[in-house]
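Below, all heavy atoms of this structure are taken into account, side chains as well, without hydrogens, waters or symmetry copies.
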Amino acid sequence: MKRALLIYLLIAAALFSSTWVDPAGSLIGTPKDPKLFVWYLGWFPHELAQGHNPLFTDHLSYPAGVNLMWNTSMIFPSLLLWPVTAAFGPVVAYNLLITAGIALSAWFAFLAARRFLDSGLACFIAGLLYGFSPALIAQALGHPHVVVALFPPVALLLGHEILVRRRMNPVVAGALAGVAAALQLLTGEELLAMTLLVAAFGVGEVALMHRDQVRPRLPAAAKAAGAAIVSFAVIAAYPLGFQFFGPQLVSGNVQQPDVYVSDLLAFAIPSSLIHFTGNVTESGAYIGLPLLVLFAAGLVVGRQQAWIRWTGWMTLIVAVLSLGPHLHVNGNVTPAWLPWAAVAKLPLMGSALPARLMVIGWLSVALVVGAIAAVAIKGSRRWRIATGVTLIAGLAVIFPSVPYPSVSATVPAYFGPGGDVEKVAPGSVVLITPFSSKESTDAMLWQAAANYRFRMPEGDAFTPGPYLGPHPSFLQKILDEMDANQQPVAVTPEVRAASLADIQRFRVATIVAGPSPGRAAIVAFWTAFLGFAPNEDGGVDVWELPRLH
């Protein structure tokens, strides 16, 4: 078991090696989302060390603030990585989280496979397929709350223990399930909700397959459910209470419907060859023809085994749900309604992204492919060769191209240790460009590097509306416009009045123009508006504001 984990870690480290050559100066993934999670990894240790409630912050979207339970704040991983963050900084902690998340997801799938397969090699293959599946590798571009996908295999193991195997005391098994669910809540609510949704279908299927055993097993299942609810509540009651009854309550769907879904063609055709309504991060449905052949062979060969039949049906259910409310074919949205349209009406599920269900779908695929590999290992030489060749081809077509994307995590010297940000009064408000919202998270990375010394009227976080970012303001509009068009906005009386109103409302004490496409235009605007030039300081332009009336 330890050897499997070590191998998974080595593969993950090799995959992300372009970042690990400079783990403090670069980030695994794309330019925007990783910086958001770096902010979270530093925020929770920072606030807890000071005895503050870390679930709310006015360091973003000042003065209203943000309820972080409505955001992917990854509380549990940030606490686990606290020593790493303290010693090496949140950037290194983020890179470790992505790397370990992939490897641990693979290892937990390996452990789940051991329940059903009697071949260590087949279990290793199952873990490899799950942990390094396109579903998780795509999410590694910037979504660690999905990459840390330990809960689906844990839920499978404990569900099987409670409903089928029944060797463990049901109260103990249920309590473990509740703790696991609570920790998943504090890692990523979406994966918890999706796993519970799939589990509900799975329990229903087990009941249909074993109708005669339902009644005698109800008492033990009820004990397990009760224990799960209690243990879950002990850990999750306060965070959930803060989310739904605390400040800055977010209501409504926070994601666009019918966008981030699996395309019908995506299961068999590489994502680079088809169109998506979403983006590459959510293109995790690709299985490829070789693995689809092995999956189908596993269903046929293992059809006498109840768990194989159950897994086959569950894979179909998950794949159909991942297609979203309407069928998408090569990026074209058809009028054909699909089951997710009904699921999306459930509380909070309208905010979930159906494409991410394929994380769970890949667990099913991995187990069935592992099963056919186990059969082949015991079979004839011809059968072993055919299966091995097909498996290698399957791994080849899904394995990501290397080097895996990596982006700079360089912070302007102004915000770094010893930088002049230390002259800013602690807790004062700094307005930074590029403006941090759904377009950029640079300012959040810089704020984390400055040890959260200042507050910002900006930030990539869900706020009431719902909005991704602070409530729209005049300054946000023109600053984003200048960054996009690289042309300064004329300081007319109307522009001056609206900008001044925002500055006073946000209580801005300092303005910083950092590296961005429209920096020259932004510097020209603020210089004209304020009537004096900035100080060029540590790679940024800084204006210390007098009282503006």
Side-chain angles (χ1 to χ4, degrees), residues 105 109 129-130 133-136 138-139 143 145-146 149 151-153 155-156 159 181 184 188-209 253-269 271 274 276-279 281-287 291-292 295-296 299 308-368:
S105 296
L129 289 174
Y130 176 66
S133 66
L136 290 184
Q139 295 294 335
H143 297 153
H145 61 297
V146 183
F151 186 62
L156 176 63
Q184 179 60 53
E189 288 189 47
E190 185 178 37
L191 190 57
L192 171 63
M194 288 184 166
T195 305
L196 294 179
L197 172 69
V198 173
F201 283 104
V203 170
E205 186 184 345
V206 169
L208 288 173
M209 292 174 66
N253 293 338
V254 300
Q255 297 287 358
Q256 300 177 55
D258 222 359
V259 174
Y260 301 100
V261 305
S262 296
D263 194 277
L264 182 63
L265 303 182
F267 299 100
I269 300 177
S271 59
I274 62 176
F276 289 93
T277 53
N279 55 45
T281 311
E282 309 300 337
S283 59
Y286 180 57
I287 300 171
L291 292 180
L292 284 172
F295 178 73
L299 294 179
I308 291 282
R309 298 196 304 274
W310 180 89
T311 304
W313 282 111
M314 290 307 301
T315 308
L316 177 62
I317 291 170
V318 169
V320 170
L321 288 174
S322 80
L323 294 171
H326 291 93
L327 184 65
H328 292 217
V329 183
N330 199 25
N332 298 307
V333 185
T334 74
W337 287 88
L338 294 173
W340 185 262
V343 172
K345 296 183 183 299
L346 297 173
L348 302 180
M349 292 306 295
S351 295
L353 303 185
R356 294 180 181 176
L357 277 162
M358 281 309 296
V359 170
I360 302 171
W362 262 100
L363 179 60
S364 299
V365 171
L367 290 173
V368 174

In Å and rounded to the nearest 0.5 Å, what is the [atom1] to [atom2] distance from [X] to [Y]?
X	Y	atom1	atom2	result
H145	Q184	NE2	CD	10.0 Å
E189	L348	CD	CG	7.5 Å
Q256	S351	CD	OG	12.0 Å
N332	N330	CG	CG	6.0 Å
W313	I317	CH2	CD1	8.0 Å
L196	M349	CG	CE	9.0 Å

With a 4.5 Å heavy-atom cut-off, do [X] and [Y] have their side chains touching?
X	Y	answer
I287	V365	yes
F267	M358	yes
P354	L321	no
L192	F151	yes
T311	I308	no
Y260	N279	yes

Taking all non-hydrogen atoms of both residues, which atom of [X] and which atom of [Y] are closest, and how far apart?
X	Y	result
A109	L363	CB-CD1, 4.0 Å
S364	T315	CB-OG1, 2.9 Å
M194	A352	CE-CB, 3.8 Å
D258	P325	OD1-CG, 3.3 Å
L191	A149	CD2-CA, 3.8 Å
Y130	A366	N-CB, 3.9 Å

Any donor-acceptor pair under 3.5 Å linking the side chain of [X] with the backbone of [Y]?
X	Y	answer
W310	E205	no
D263	F276	no
S322	L357	no
S262	L323	no

task: Enumerate the residue pairs fulfilling ring-ring contact (aromatic ring centres under 6.0 Å, His included) with a member in residues 328-362, sequence neighbours excluded, ordered by first and then second residue.
output: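 Listed by first then second residue: H326-W337.
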task: Could you please spell out the steps behind the side chain to side chain contact (heavy atoms under 4.5 Å, CB included) verdict for V329 and L327?
output: CA-CA 7 Å; V329 183; L327 184 65; 4.0 Å; yes
field: Q139 and E282: side chain donor to acceptor below 3.5 Å
entry: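 Q139 vs E282: donor-acceptor pair found between side chains.
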